[in-house]
Amino acid sequence: MYYFRWLLGFLHLLVWGSIILVHAIPPPDPVQCNQTICTLSNSYGAWGDRKDCSVKSVVYPTTEEELRSAVAHANKNKLKVKVVSKFSHTIPKLACPSSLGHHDSLLISTAKYDSSIEIDSVNLAVTADAGVALRDVIDKVEEAGLSLAAAPYWEGVSVAGMISTGAHGSSWWGKGGAVHDHVIGLSMIVPGNESEGYAKVKQIGAQDQLLNAAKVSLGILGVISKVKLSLERGFKRSITYNFTNDSSIENNFMEHGKKYEFGDITWYPSKHTAVYRYDSRVPMETPGHGINDFLGFQSNEILISKSVRASEKLFESTKSVNGECTLADTTLWYKKQIGNGLKNNGQIFTGYPVVGRQGKMQTSGSCLYSPKTRIDASCAWDPRIKGLFFYESTAIFTATKFGDFIKDVKKLRDLKPENFCGIDHYNGFLIRYIKASKAYLGQSEDSIVVDFNYYRADEASTPRLNQDVMEEVEQMAFFKYGARPHWAKNRNLAFLKVQSKYLNFNKFIAVKKQLDPENMLSSEWSDEILFGKEGVGSDGCALEGLCICSEDRHCSPSKGYFCKPGLVYSEARVCRHSPSSSNL
């Protein structure tokens with residue numbers, strides 16, 4: 001019981017300590033080079049297979065012509081090429097040029113290609129360089145008295161990276177919550193022949209059929225140099241969170257999305273709690289200067305992040321479900337006290353509704369910014385501090401199937417509710433709305449997006465507490481209900497047979513062959529995701545989502561984890577802790 005008291009003690013410090021304004025150390029550069037080789041990482045410090053991504057060289061263009069020249073150099077010299085922003089928040093290995101190492105690859109960073117943001121107030125549009133940060137675009141747009149209607153909840157993205165992987169907020173209204181559906185043009189650098197200087201800039205306008213492929217391209221059609229987004233006249237938003245029982249969530253989600261323009265729902269199954277976000281636009285004259293500083297994206301004292309991780313590891317090693325539930329209880333209580341990070345006057349939460357300008361309410365990420373001198377706080381998942389380390393599964397459902405998915409998860413939850421505490425102490429199930437899109441790799445019908453995060457072990461060979469529950473939910477989503485994976489998130493197994501889930505997949509492949517016939521911008525890593533290739537069934541592969549288990553050795557039999565059928569979705573195959581392989 002000592003560690004329960006210790007946990008509650010340090011969370012008490014967290015509650016009171018977070019009232020003080022904290023700034024974080026900036027996230028690390030995703031590209032690190034020594035005298036012989038460069039290595040690309042994502043912001044979490046580990047790819048799905050935990051293997052390094054090595055590249056021969058990295059270039060940092062500052063203009064469109066320098067960007068074109070980099071692509072031309074790669075094409076002329078038969079190099080594999082990929083692009084990365086200064087953020088690198090994509091979980092799959094889409095940005096890694098080649099598994100052959102550094103001998104035949106070039107990485108292009110847009111970190112320094114971020115100087116131009118042009119506002120067209122007459123035609124309600126903004127055009128930005130590919131590497132411009134989302135926050136910089138939003139601030140510039142708001143200064144002009146305008147607003148960008150859609151944005152992902154996390155602002156640590158570049159404009160090109162954001163649209164390329166289908167980043168989204170939440171809305172079934174207007175053009176919808178996916179940012180790429182607000183793209184009205186872009187410039188893309190594609191390979192050319194010798195007479196074209198080995199690369200050319202292709203202008204793709206709103207009426208060009210290529211735009212349906214290019215606005216969610218996964219970086220494999222060409223290198224985006226500029227993005228043009230539609231804008232609206234400036235507006236404010238009013239947000240209220242309603243913490244209530246989850247008894248009718250499967251019946252309420254549809255109406256909630258229709259009623260609230262930017263609404264979402266966060267579901268905490270182990271707590272039988274649903275948090276409905278009542279989020280609508282209001283006129284600019286509505287009083288209020290609120291901001292959305294989401295708790296999970298705030299700066300955390302490094303000591304606290306390390307302590308949370310230490311407690312997680314302790315609960316895992318001792319198989320303490322009660323410890324995880326204590327953490328889930330405290331986290332949910334704290335979120336309710338502080339409005340989940342909403343701040344009425346920009347400093348503290350004093351009550352609902354919280355009203356603020358669109359640019360201050362639509363996205364957040366305060367842990368990204370800091371004075372260089374601050375060294376005791378960071379984003380909680382910064383790999384340098386050994387803080388939070390987790391998986392993020394994101395499934396996109398056809399709206400009409402989502403209610404049955406919720407019912408199945410409730411059946412699984414009701415067998416043993418505490419088994420969901422490991423999900424609930426992160427952020428439960430975040431439920432958002434995406435409107436039907438013309439993008440070939442977008443959603444062809446109105447859809448529901450569900451995100452859930454859960455513990456990832458320090459070592460790939462270490463099984464996790466109640467991992468069979470997470471795996472059953474994951475397989476239930478992607479295989480029983482045919483949900484589509486978010487392109488920038490998920491473990492590898494989520495992409496199995498993904499090509500069969502997109503009606504316009506073949507149209508996208510046709511454009512790919514047209515723009516990059518030599519596959520210069522593709523790699524075995526991006527092919528693995530795009531074509532949903534099944535991984536090799538090696539020992540322990542199911543522990544990290546690199547395969548679905550079909551044999552006990554795919555789990556960890558030496559540590560008591562065997563391949564078993566799901567408890568509700570019997571066709572699932574999950575790694576469950578059991579006295580023997582013959583027990584369920």
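Any value given below was found using the heavy atoms of this structure, including those in side chains, with hydrogens, waters and symmetry copies removed.
Between A380 and N300, the closest heavy-atom pair is CB-ND2, 3.3 Å. S225 approaches E64 most closely through the heavy-atom pair OG-OE2, 2.7 Å. Residues F452 and V473 share a closest heavy-atom pair of CZ-CG1, 3.9 Å. Residues V498 and G532 come closest through the heavy atom pair CG1-N, 4.0 Å. The two residues Y60 and E66 have their closest heavy-atom pair at O-OE1, 4.4 Å. For the pair S41 and S88, the tightest heavy-atom approach, listed with the atom from each and the gap, is O-OG, 2.9 Å.
Considering only heavy atoms from C-beta on, Y153 comes within 4.5 Å of L430 through its side chain. Proximity of F495 to P92: side-chain heavy atoms (C-beta onward) are separated by under 4.5 Å at one or more points. Side-chain contact between D129 and V227 is absent, with no heavy-atom pair separated by less than 4.5 Å. Taking the side chain as every heavy atom from C-beta outward, T394 and W487 never approach each other to under 4.5 Å.
Taking 4.0 Å as the cut-off between side-chain N and carboxylate O, K140 and D136 do not count as a salt-bridged pair. In this structure, R277 pairs ionically with D264, as a charged nitrogen and a carboxylate oxygen lie closer than 4.0 Å. Taking 4.0 Å as the cut-off between side-chain N and carboxylate O, D539 and R553 count as a salt-bridged pair. In this structure, R464 does not pair ionically with E316, as no charged nitrogen and carboxylate oxygen lie closer than 4.0 Å. Comment: D49 engages K93 in a salt bridge, judged by a side-chain N to carboxylate O separation of less than 4.0 angstrom. Remark: D451 engages K489 in a salt bridge, criterion side-chain N to carboxylate O under 4.0 Å. A salt bridge links R309 with D458: the closest approach of a Lys/Arg side-chain nitrogen to an acidic carboxylate oxygen falls below 4.0 angstrom. Ionic pairing of R456 and E544 is present here: one or more N-O contacts between side-chain nitrogen and carboxylate oxygen are shorter than 4.0 angstrom.
Each of T273, D424, L327 was checked for a side-chain contact (heavy atoms from CB on, under 4.5 Å) with L332, and the lone residue meeting it is T273. Here the rule is side-chain hydrogen bond (donor to acceptor under 3.5 Å, both in side chains) with K335, and of T266, T330, N427 only N427 fits it.
A donor-acceptor pair under 3.5 Å links the side-chain atoms of D382 to the main chain of R384, judged by distance alone. No donor-acceptor pair under 3.5 Å is formed between the side chain of K86 and the backbone N or O of P30.
Using a 30° and 60° split on the angle between ring planes, Y44 and W381 fall in the tilted class, from 30° to 60°. Under the 30°/60° scheme for interplanar angles, the aromatic rings of F297 and W154 are found to stand perpendicular.
Within 6.0 Å of CD on E534 lie no more than 12 heavy atoms contributed by other residues, nucleotides or ligands. K51 NZ: 12 or fewer foreign heavy atoms inside a 6.0 Å radius. The number of heavy-atom neighbours closer than 6.0 Å to CD of E459, taken from other residues, nucleotides and ligands shown, is 12 or below. The neighbour count for K360 NZ, taken as heavy atoms of other residues, nucleotides or ligands under 6.0 Å away, does not exceed 12.
A centroid separation of less than 6.0 Å is found between the aromatic rings of Y426 and F390. Proximity of the aromatic rings of H168 and H486 is defined here by a centroid distance below 6.0 angstrom, and this criterion is met.
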Review point. Are N492 and E528 close enough, and set up right, to give a side chain to side chain donor-acceptor pair (under 3.5 Å), and what steps lead you there?
Key: CA-CA 8 Å; N492 283 26; E528 185 177 64; 3.0 Å; yes

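Taking CZ from F87 and CE from M162, the interatomic distance works out to 10.5 Å, rounded to the nearest 0.5 Å.
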